[in-house]
Amino acid sequence: MELPDLRILDVIDILLVAALTFYLYRLVKGTPAINIFIGIVIIYIIYSITETLKMELLSRALGAFTGAGVFALIVVFQQEIRKFLLMLGSTNFTSRKGFLKQLHFFKDDIDTDHTAVDQIVKACGEMSNTSTGALIVIKRDGSLDFVKNTGDEQDIVVNTSIIKSIFFKNSPLHDGAMIIEGNRITATRVILPVSDNRSIPQRFGLRHRAAVGVTERSNAIAIAVSEETGQISLINNAEFETFENLEDLSVRIKKHLE
């Protein structure tokens with residue numbers, strides 16, 4: 001059996017498909033959409049095999065399914081597609097590593113360690129006790145430059161006392177959100193996009209809607225402390241997550257940052 005001629009363009013084609021598949025996996029990893037994504041990949045592999053083996057009946061059935069399923073996928077993955085397009089629009093193609101860095105082939109050399117998370121959670125607990133409003137965005141992967149540029153650039157080691165002093169009501173930096181990357185506070189007074197999601201309970205104000213908004217448009221997680229009730233909210237992938245206590249909150253944040 002003769003092997004097909006493999007051109008340079010074929011190799012590039014395979015690498016691009018692999019890169020896109022890898023990025024899509026990273027985008028939905030840790031969300032309910034991951035199981036749907038894996039199912040789609042399996043169906044497509046089976047479809048490709050049946051076409052190669054000329055199993056016409058099965059390949060036609062799977063082909064019809066995949067063709068009609070495109071519209072369903074747009075609905076199912078609308079949040080992930082929105083993130084992907086926003087990432088493309090906010091990418092600086094002239095910067096070092098540019099688009100490839102956004103696709104995480106060059107992983108940022110910053111990770112939020114457990115000590116920093118403990119400091120953040122401790123600060124949120126103490127601000128909750130005093131009903132001090134706060135909004136903290138913690139970077140995972142992907143760029144937050146599209147919101148960082150709206151605030152004041154900082155370079156401060158994450159510390160409970162520093163976080164509390166920044167959100168103290170008489171502090172000039174308390175208004176807006178704080179951005180944390182790795183173990184450093186990189187921006188304060190950041191203006192976040194407000195979500196227009198109608199499913200958010202009415203008891204939540206603009207602070208919580210902004211927390212949802214930034215997680216709709218990026219892969220970050222957000223923590224909001226209510227000024228009215230002192231309630232602490234954890235938002236991931238535009239959804240509020242429940243937790244039992246501060247220790248449980250710390251565990252969940254660390255899990256999201258792994």
Side-chain angles (χ1 to χ4, degrees), residues 22 25-32 34 83 101-130 132-145 147-148 151-168 171 173-174 176-188 190 192 207-208 210-212 214-226 230-258:
F22 173 75
Y25 170 75
R26 289 290 301 271
L27 199 62
V28 300
K29 182 181 177 183
T31 72
I34 184 63
K83 283 185 181 180
K101 184 176 180 181
Q102 293 290 340
L103 292 181
H104 317 307
F105 292 110
F106 296 92
K107 183 173 172 60
D108 294 338
D109 55 355
I110 50 173
D111 290 306
T112 305
D113 56 35
H114 287 190
T115 303
V117 173
D118 292 337
Q119 293 290 312
I120 296 167
V121 172
K122 183 180 178 183
C124 289
E126 295 182 7
M127 289 188 293
S128 173
N129 292 334
T130 57
T132 301
L135 180 52
I136 301 172
V137 179
I138 306 176
K139 178 181 176 180
R140 289 196 284 190
D141 46 24
S143 175
L144 287 176
D145 289 345
V147 289
K148 280 176 62 179
D152 299 330
E153 186 177 351
Q154 307 289 348
D155 186 15
I156 309 169
V157 176
V158 172
N159 179 277
T160 297
S161 299
I162 293 293
I163 295 174
K164 289 172 56 183
S165 65
I166 288 174
F167 287 113
F168 179 63
S171 166
L173 301 177
H174 83 281
M178 170 190 293
I179 304 292
I180 293 179
E181 301 179 65
N183 64 344
R184 309 193 79 81
I185 300 168
T186 57
T188 53
V190 172
L192 299 180
R207 179 178 286 111
H208 293 81
V212 174
V214 73
T215 61
E216 286 177 339
R217 293 162 173 79
S218 73
N219 201 33
I221 59 176
I223 306 171
V225 182
S226 172
Q231 180 184 357
I232 303 172
S233 300
L234 174 63
I235 299 93
N236 175 49
N237 285 314
E239 294 182 355
F240 289 84
E241 294 196 356
T242 58
F243 52 90
E244 299 295 329
N245 46 46
L246 291 180
E247 184 178 350
D248 188 22
L249 172 62
S250 178
V251 169
R252 287 180 178 275
I253 294 173
K254 290 171 184 176
K255 182 179 179 181
H256 288 315
L257 296 175
E258 289 178 354

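Worth saying up front: this structure is predicted, and the values here are computed from it rather than measured.
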Does Ser171 have any side chain to side chain contact (heavy atoms under 4.5 Å, CB included) partners at least two apart in sequence or in another chain, and if so, which?
->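 With sequence neighbours excluded, Ser171 shows a side chain to side chain contact (heavy atoms under 4.5 Å, CB included) to Phe168, Leu173, His174, given in chain and number order.
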Arg207: side chain to side chain contact (heavy atoms under 4.5 Å, CB included) partners, not counting sequence neighbours |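 So Arg207 forms a side chain to side chain contact (heavy atoms under 4.5 Å, CB included) with Leu135, Ala224, Glu227.
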Taking the side chain as every heavy atom from C-beta outward, state whether [X] and [Y] have any atom pair closer than 4.5 Å.
X	Y	result
Val157	Ile162	no
Val137	Ile179	yes
His208	Ser226	yes
Ile232	Leu246	yes
Lys254	Asp118	yes
Glu153	Lys148	no
Val158	Ile185	yes
Ile136	Ile180	yes

Rounded to the nearest 0.5 Å, what separates atom [atom1] in [X] from atom [atom2] in [Y]?
X	Y	atom1	atom2	result
Arg140	Glu181	CZ	CD	14.0 Å
Asn183	Ile156	CG	CD1	12.5 Å
Ser218	Asn237	OG	CG	9.5 Å
Lys122	Lys164	NZ	NZ	8.0 Å
Ile221	Lys139	CD1	NZ	13.5 Å
Ile163	Thr132	CD1	OG1	13.0 Å

Answer with yes or no whether the side chains of Gln154 and Thr188 bring together a donor and an acceptor at under 3.5 Å.
->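 Present: a donor and an acceptor within the cut-off.
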Under 3.5 Å donor-acceptor, [X] side chain and [Y] backbone:
X	Y	result
Ser128	Gly230	yes
Thr130	Met127	yes
Asn245	Glu247	yes

Heavy atoms only: give me the nearest [X]-[Y] pair and the separation to one decimal.
X	Y	result
Ile235	Ala211	CD1-CB, 3.7 Å
Phe167	Gly176	CE2-O, 3.7 Å
Ile253	Val117	CG2-CG1, 3.8 Å
Ala177	Leu192	CB-CD1, 3.6 Å
Ala220	Leu144	CB-CD2, 4.1 Å

Member of Val214, Val147, Asp152 meeting the side chain to side chain contact (heavy atoms under 4.5 Å, CB included) criterion with Val190 =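 That would be Val147; it is the only one of Val214, Val147, Asp152 passing the side chain to side chain contact (heavy atoms under 4.5 Å, CB included) with Val190.
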